[in-house]
Amino acid sequence: MSIRLAVLASGRGSNLQAILDAIAAGALDAEVVGVFSDKPAAPALRRVAEPLRWSRKAKDYPDRDAFDAELADAVAASRPDWIVCAGYMRILGDGFVQRFRGRLLNIHPSLLPKYRGLHTHARALAAGDVEHGASVHFVIPALDAGAVIAQAPVPMLAGDSAHSLAERVLQVEHPLLLAVLQMAADGRISEQAGDAVLDSHPLLIPLRLEFAII
Ligand code: GRF
């Protein structure tokens with residue numbers, strides 16, 4: 001069945017564009033019903049028609065809860081089946097998370113639980129890792145700590161910089177996110193008792209999906 005997707009983005013929106021392209025190509029059974037941003041100038045917003053855009057400046061609100069409450073109402077009004085954080089750079093407060101928990105996903109540029117938070121590529125380089133990658137996980141109140149559904153690895157190459165690594169990871173983020181969203185569209189994934197569940201079986205380890213890197 002086609003699922004209604006609300007997408008939260010703060011910047012470029014390449015993951016959002018991958019979703020839009022897959023939908024247009026008939027490769028993802030979904031519809032983007034809204035794009036929501038904390039950055040009114042975010043290029044991600046320009047990737048959809050104006051009626052689907054919502055953005056507010058966090059600084060116009062007294063605190064995180066006030067911003068999140070208005071964001072949550074706007075997201076709810078779009079009647080989404082799933083909410084996808086795709087390059088959304090603000091921490092979502094507990095109130096927002098609990099309102100949508102179980103259908104709130106995030107794409108994160110690391111092989112979680114490694115490198116929650118920011119600067120994941122530099123941290124992987126500094127640690128001398130031989131493998132890095134991306135993860136799609138359920139969002140819970142703790143940052144980047146929700147059950148991981150699927151991961152895609154990328155090799156670390158000699159001479160890699162944080163930038164070159166970020167570019168390579170982005171190449172697997174897009175197909176990884178699309179694969180998980182199609183599983184959602186097919187009714188195959190859910191969050192139960194804190195676990196990611198696929199085809200009614202709790203995932204003891206995340207799915208590992210391999211994608212070609214140019
Ligand atoms: C991506 O690396 C994503 O994992 C991170 O934000 C970066 C930009 O994503 N959360 P996008 O190009 O805005 O989708």
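Whatever order the structure lists them in is the order used to number ligands and atoms, beginning at 1. These numbers come from the heavy atoms of this one structure, side chains and all, not from hydrogens, waters or symmetry mates.
A heavy-atom cutoff of 4.0 Å around ligand 1 is satisfied by the protein residues R12, G13, S14, N15, A86, G87, I107, P109, L170, E173.
Salt-bridge formation is not detected for the pair D129/R123: no Lys NZ or Arg NE/NH1/NH2 atom is positioned less than 4.0 Å from an Asp or Glu carboxylate oxygen. Under 4.0 Å is where a charged nitrogen must lie from a carboxylate oxygen, and between D199 and R188 at least one such pair does. E131 has a carboxylate O that lies under 4.0 Å from a charged side-chain N of R208, or vice versa, which qualifies the two as a salt bridge.
Here CG of N106 is found 6.0 Å from CG of D144. Values are rounded to the nearest 0.5 Å.
For residues 52-77, the pairs satisfying salt bridge (Lys or Arg N to Asp or Glu O under 4.0 Å) are R56-E70, D73-R99, with sequence neighbours left out.
Panel note: side chain S110, backbone T120; no donor-acceptor pair is recorded below 3.5 Å.
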